[in-house]
Peer 1: 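Below you will find the structure I want to go over with you.
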Number of protein chains: 2
Amino acid sequence: MEITTLKDIANELGISVATVSKALKDYPDVNKETKKKVLYMANKLNYTPNQLAVNLRTKQTKTIGVIIPTTVHHFFSNVIDGIIAEAEKKGYLVIILQSDEKLFLEKLHVNLLIDKRVDGILMSLSNKTNEFVHLKKIISRKIPLVLFDKVEPSIACSKVRIDDKKAAYQAVCHLIKKGYRRIAHFRGDLNPKISNDRFEGYKEALLDHDISYDPSLVYVCNNNKDFEDGYLNAQKLIKEHSNIDSIFAITDLVAVGIIKYFNEKGIKIPNDIAVVGFSNWFMSSVVTPTLTTIDQPAYEIGKTATEILLQEIELTHLEQPIKHKEIILPTHLILRESS
Amino acid sequence: MEITTLKDIANELGISVATVSKALKDYPDVNKETKKKVLYMANKLNYTPNQLAVNLRTKQTKTIGVIIPTTVHHFFSNVIDGIIAEAEKKGYLVIILQSDEKLFLEKLHVNLLIDKRVDGILMSLSNKTNEFVHLKKIISRKIPLVLFDKVEPSIACSKVRIDDKKAAYQAVCHLIKKGYRRIAHFRGDLNPKISNDRFEGYKEALLDHDISYDPSLVYVCNNNKDFEDGYLNAQKLIKEHSNIDSIFAITDLVAVGIIKYFNEKGIKIPNDIAVVGFSNWFMSSVVTPTLTTIDQPAYEIGKTATEILLQEIELTHLEQPIKHKEIILPTHLILRESS
DNA sequence: GAAAAAATCGAAAACGATTTCGAAACTTCT
DNA sequence: AGAAGTTTCGAAATCGTTTTCGATTTTTTC
């Protein structure tokens, strides 16, 4: 005997499949005695329901799909942790796909997940994503969608993110309060919202403290190799601007690249130049000097996004209307040696 | 109209569901004209097959399950990267579950994946796993299983791993060749094979160079907080043994903890004490001083394990016998400043 | 003891696809 | 024209479960 089915139990007991099914699901219209017998036999034959059949029948898969740019990333692996933890708690499985920052893969994966009939989808958009038909397709199929981290405002769905502009503002204000005035910014790629938001926060902080904004102090890191971007741009910065006293980097990894270069060149942090990062990667607490940075609640972002998604799945299933939420989780400035 | 099914196409064209199905799968016994019509209509109605129904019928889900201790880990996130990349290439989806180093969760997840009818399972065992009925259950269900990293020799399945003993041996030999003699070892928990293997490699290297093995130089790191373990044990070590000249740490994270403490106490690396890690986390290339370590091919481990698993899935499906493989991937000693 | 009510069961349809096998239609050949 | 062979199609079974609804049996009520 291979795998036990309802039919096997039914045959064994000389009753119908329907009754067996109902007995196992504790329907009221089945005799207590037969319930006992069914339970006993199910146990004896080691029965577990074939989820494929259940899924087909109930049109629910108890599975959610996740599309993120990459898993090899401190932030995303913590987000995944939060997602899986929350999903497991509610009995959902998690399928993870990587867009590798490519739009065509993102689209492909969306189709895959739709075909797979996942109950809901969680996405952080790739940096290259500048059109959104694939997201609209998800919504038109009535599949709950929650965007996190890299979100698109124009899409009607729930979103979980941080306030990048505010966090950047906070970081730069910190530098200003510490007395730094010539503040460079190593920004991210031009397209993504978070990159622009952080840039805006940087500018606004300068403005609010009557420091004139100098575009030549802004360096773009867009090679997808943050560490090297930081290292090389630090090199460039030192050549081009000798009078810099601090840098606000879009990412800890960029900041660590900067630190590496400065350490090699004997440039003292923070005495010669202060450095502030963004994300509070584990690494920032162990580099020398330790890095001042913005703590981004990655685990909570994953957990919260999943909570909302599962709620919306339940509501959809009950055919009730859903009100989309936009959650902004708080960030914290972590003060360390580098500033 | 909600979602298009074969029936919709059939009704629209006034033909049977069977013909539509066969037309879409390019069966030879359907007229070219009708094939064209079906294809056209399928396209027009935006048809995609309901995978749930396909799965139920074909008894294949094109999905593999992965159970690992944690995703928030440089090694594992790279393994996942390799797994997902390879699986995606072959049209398989990946469900990821975390055991959180707990045996009961590992068992639970195994059952979940079996019920979910995944086509195959990839596992790295938790540190606490000391019984294997759940693995045998997978095998008895004829579900291909591939163990990687933390494997169990007694289980009859394919395995992908590195030679931990040899790698550790290599690392310690390197220290000895550099002239270090009083070599401490910060080892991992007592149960896991990899922890013991590395320990054995350490001992053998000493033996082969006529250095007597001193058990008091071995410190156990088992708080699941490698960084702190390294930091605290470094503190302890300095108190207890003033004449140490080097440390071989089971993990880069432990090594970084050590480095942190030494940096704080002004102990010079490698002049006072040398440090060697294990894994070649990204971090090791950016800490000060940069860390000598063993490069562990995480991505390749994930990729290779998945390749083997998918092969075995194919063979199982063709009802052909499978020969289990044991692949040992090469490690490399990365020389850096800390030794 | 008959009628009404309650308890218990199972046949059958459904979910949406795949695949076998026989029937019908059409060609080809003598 | 009729036999034989080819194409082309579709009815029906199947995967394993869920759920409705009607049938049957048992219990209750007066």
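Sequence lines set the chain letters: A, B, ... in the order given, protein chains first and strands last, and positions in each chain run from 1.
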Peer 1: Between the two ends of the helix from dG1(C)-dC30(D) to dT30(C)-dA1(D), what is the bend in degrees, rounded to 10 degrees, where each end axis spans five pairs?
Peer 2: 60°
Peer 1: Within a reach of under 6.0 Å around NE2 of H317(A), are more than 12 heavy atoms found that belong to other residues, nucleotides or ligands?
Peer 2: no
Peer 1: Just to verify, what does K37(A) make a salt bridge (charged side-chain N to carboxylate O under 4.0 Å, His left out) with, not counting sequence neighbours?
Peer 2: none
Peer 1: Holding to side-chain contact (heavy atoms from CB on, under 4.5 Å), I want the full list of residues that pass it with L108(A), two or more places apart in sequence or in another chain.
Peer 2: L105(A)
Peer 1: Can you name the salt bridge (charged side-chain N to carboxylate O under 4.0 Å, His left out) partners of K89(A), sequence neighbours left out?
Peer 2: E86(A)
Peer 1: What is the distance from CD1 of I9(A) to C1' of dG16(D), rounded to the nearest Å?
Peer 2: 12 Å
Peer 1: Can you tell me the distance, in whole Å, between the CG atom of L52(B) and the P atom of dT18(C)?
Peer 2: 13 Å
Peer 1: What's the CD-C1' distance between Q60(A) and dT17(D), to the nearest Å?
Peer 2: 14 Å
Peer 1: Are any of T5(B)'s side-chain N or O atoms less than 4.0 Å away from OP1 or OP2 of dG16(C)?
Peer 2: no
Peer 1: For K7(B), check side-chain hydrogen bond (donor to acceptor under 3.5 Å, both in side chains) against everything at least two apart and list the hits.
Peer 2: none
Peer 1: Which nucleotides of nucleotides 5-15 of chain D have their base under 4.0 Å from a protein heavy atom (B), which only their sugar-phosphate (S), and which neither (-), written as one string 5' to 3'?
Peer 2: ---BBBB-BBB
Peer 1: With the side chain counted from C-beta on, respond yes when V146(B) and K159(B) share a heavy-atom pair under 4.5 Å apart, and no when they do not.
Peer 2: no
Peer 1: Test of understanding: with salt bridge (charged side-chain N to carboxylate O under 4.0 Å, His left out), list the residues that count as partners of E12(A), not counting sequence neighbours.
Peer 2: none
Peer 1: Show every ring pair (Phe, Tyr, Trp, His ring centres under 6.0 Å) that has at least one partner inside residues 78-137 of chain A, sequence neighbours left out.
Peer 2: none
Peer 1: Would you kindly give the NZ-to-C1' distance between K62(B) and dT18(C), to the nearest whole Å?
Peer 2: 15 Å
Peer 1: Applying side-chain hydrogen bond (donor to acceptor under 3.5 Å, both in side chains), name anything that partners T71(A), two or more places apart in sequence or on another chain.
Peer 2: none
Peer 1: Return the value, rounded to whole Å, for the distance between atom CG of L6(A) and atom P of dA11(C).
Peer 2: 15 Å
Peer 1: What's the CD-P distance between Q51(A) and dG16(D), to the nearest Å?
Peer 2: 14 Å
Peer 1: Under 4.0 Å from any atom of DNA chain D, heavy atoms only: list the residues of residues 312-320 of chain B that qualify, in numerical order.
Peer 2: none
Peer 1: Not counting sequence neighbours, list each pair that qualifies as a side chain to side chain donor-acceptor pair (under 3.5 Å) and has a residue in residues 39-48 of chain B.
Peer 2: D115(A)-T48(B)
Peer 1: Is the shortest side-chain N/O distance from Y47(A) to OP1 or OP2 of dT17(D) below 4.0 Å?
Peer 2: yes
Peer 1: Who pairs with E314(B) by salt bridge (charged side-chain N to carboxylate O under 4.0 Å, His left out), at least two apart in sequence or on another chain?
Peer 2: none
Peer 1: Would you mind reading off the distance between D26(B) atom CG and dT18(C) atom P, rounded to a whole angstrom?
Peer 2: 13 Å
Peer 1: L24(B) has an atom CG; how far is it from atom C1' of dT18(C), in whole Å?
Peer 2: 12 Å
Peer 1: Should K25(B) be listed as having a side-chain N or O under 4.0 Å from OP1 or OP2 of dA17(C)?
Peer 2: no
